[in-house]
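Below you'll find the structure, written out as structure tokens, and then a few comments.
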Amino acid sequence: MGEVPGVAKAHVGGQLPLSFFDRDPREVAPDLLGAILVSTAGGAVAGGIIVETEAYLGAHDPGSHAATHGMTPRNAVMYGPPGTVYVYFTYGNHYMLNLICGPEGEAGGVLIRALEPTIGLDTLRSRRAGRPDRELANGPGKLAAALGIDLTHNRTTLGEGDLVVYDSAVPSDPVVETSGRVGLSAGHELELRYFVADSSHVSRGRTGPPRTGRARRATHAREGAHDETR
DNA sequence: GACGTGATTGTA
DNA sequence: ACAATCACGTCC
């Protein structure tokens, strides 16, 4: 469905069954690396290869939205059936895409953190105008923006709405590296982040911010260009 | 390195 | 009702 002329989809295999997600998030998260996430939001096909994920568990995971306080209106979706899409809004700006894992009634999910863009590049580029290709989706907020994901996708099911995850047609056997999860005040010490070791499309390496290496050489050579106030 | 931005949540 | 928090991105 939704063929896109000119787009190489040769690497896309079959759709992952929902049973794929009926496991512990710590198993699903690394297994998703190399799979292909496709969005048809807004009527345009866009997607790429998943290169970075994080696992979130239930009540005993201090970094999870399901931690300690039980079910709330927001996190109730985390207790839903495997393959459910959980999108939430944070920092006043950003949407985060998660895929719910484990049996219904048990909270757990995987945050999709970064993508290597391969499908609908023109769409991805227009949604992330001005950024180089490696920064189209190298972070969870950027990824959601690039794929046109928002709260309308929350509580939908993979394969039934705008979002689908496909297996890779080519046997990709990426070298998986782990690290602590990013951006958490609690639970960041748990090594539940998984990423493709040699990918240049991840949000960061094992330590430290992205090695895009451009912030570093921002010498203030161009002082005179005073700008509109800010 | 510092802010914006607004929903969600626990607390008063 | 209120204030803290936040699974981030951008520009300085």
Side-chain angles (χ1 to χ4, degrees), chain A residues 25-26 28-30 32 37 50-79 84-101 107-115 124-125 127-155 178-195 201-204 208-230:
Chain A
R26 288 167 289 195
V28 176
L32 277 173
L37 171 65
I50 297 171
V51 296
E52 179 177 339
T53 58
E54 277 176 2
Y56 286 88
L57 315 178
H60 53 289
D61 176 3
S64 171
H65 286 170
T68 60
H69 298 109
M71 211 183 296
T72 67
R74 180 177 68 170
N75 72 17
V77 58
M78 290 189 74
Y79 296 81
T84 302
V85 173
Y86 171 34
V87 178
Y88 69 92
F89 182 71
T90 191
Y91 289 107
N93 296 291
H94 309 296
Y95 298 100
M96 303 286 129
L97 170 67
N98 300 259
L99 306 177
I100 296 310
C101 300
V110 172
L111 171 69
I112 311 298
R113 286 191 55 90
L115 230 56
L124 297 166
R125 288 178 183 134
R127 289 192 180 126
R128 298 267 309 144
R131 279 72 167 198
D133 284 359
R134 74 174 350 117
E135 294 176 22
L136 294 180
N138 64 335
K142 302 174 194 177
L143 181 152
L147 295 183
I149 290 169
D150 59 31
L151 286 182
T152 66
H153 299 101
N154 190 34
R155 294 177 166 281
T178 68
S179 80
R181 293 176 295 186
V182 176
L184 302 188
S185 62
H188 56 279
E189 66 282 353
L190 299 172
E191 296 252 328
L192 294 179
R193 172 174 174 256
Y194 308 85
F195 59 99
H201 299 269
V202 297
S203 66
R204 57 200 283 172
R211 64 255 211 241
T212 57
R214 89 192 180 297
R216 210 138 315 246
R217 42 196 324 101
T219 63
H220 24 287
R222 8 181 317 182
E223 225 58 293
H226 73 267
D227 43 334
E228 61 279 16
T229 68
R230 176 150 290 266

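Note that the structure is a prediction, hence the values are computed from the model and not measured. Reckoned from all heavy atoms, side chains included, excluding hydrogens, waters and symmetry mates.
If you take OH of A:Y56 and P of C:dC6, they are 12 Å apart, rounded to a whole angstrom. The CG-P distance, from A:L97 to C:dG9, rounds to 13 Å in whole Å. Whole-Å rounding puts the A:E135 CD to C:dG9 C1' distance at 11 Å. Rounded to a whole Å, the CG atom of A:L136 is 11 Å from the P atom of C:dT10. Rounded to an integer number of Å, the gap from CD1 of A:I149 to P of C:dA7 is 18 Å. The distance between atom NZ of A:K142 and atom P of C:dC11, rounded to the nearest whole Å, is 11 Å. The separation between A:L57 atom CG and C:dA7 atom P is 15 Å, rounded to whole Å.
The aromatic rings of A:Y95 and A:F89 lie tilted to each other, with the angle between the two planes from 30° to 60°.
B:dT5 is unpaired under the criterion used here, namely a Watson-Crick or G-U wobble arrangement in which both key atom distances are under 3.5 Å.
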B/S/- along nucleotides 1-11 of chain B (protein heavy atoms under 4.0 Å) is ---BBBSSSS-
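Residue pairs meeting the side-chain hydrogen bond (donor to acceptor under 3.5 Å, both in side chains) criterion with at least one partner in residues 52-61 of chain A, sequence neighbours excluded, are A:E52-A:R113, A:E52-A:R193, A:E52-A:S203, A:E54-A:Y56, A:D61-A:R181.
Shown are A:L115, A:N138, A:L32, A:V202; of these, the side chain to side chain contact (heavy atoms under 4.5 Å, CB included) with A:V51 is made only by A:V202. The side chain to side chain contact (heavy atoms under 4.5 Å, CB included) with A:V28 is formed by just one residue from the set A:L99, A:V110, A:I100; it is A:V110.
Among the protein residues, A:G63 comes within range of the nucleic acid bases, having at least one heavy atom under 4.0 Å from a base atom. At a threshold of 4.0 angstrom between heavy atoms, the contacts of A:R128 are confined to the sugar-phosphate backbone, with no base atom among them. Counting non-hydrogen atoms under 4.0 angstrom, A:H65 reaches a base of the nucleic acid.
Distance alone, capped at 3.5 Å, places no donor-acceptor pair between the A:R127 side chain and the A:R125 backbone. Remark: the backbone N or O of A:L151 is not paired with any side-chain donor or acceptor of A:N154 at under 3.5 angstrom.
In this model, the phosphate group of C:dT10 is approached by a side-chain N or O of A:R131 to a distance below 4.0 Å at OP1 or OP2.
Contact record, A:T90 with A:M96: CG2-CE, 4.0 Å, taken as the closest heavy-atom pair.
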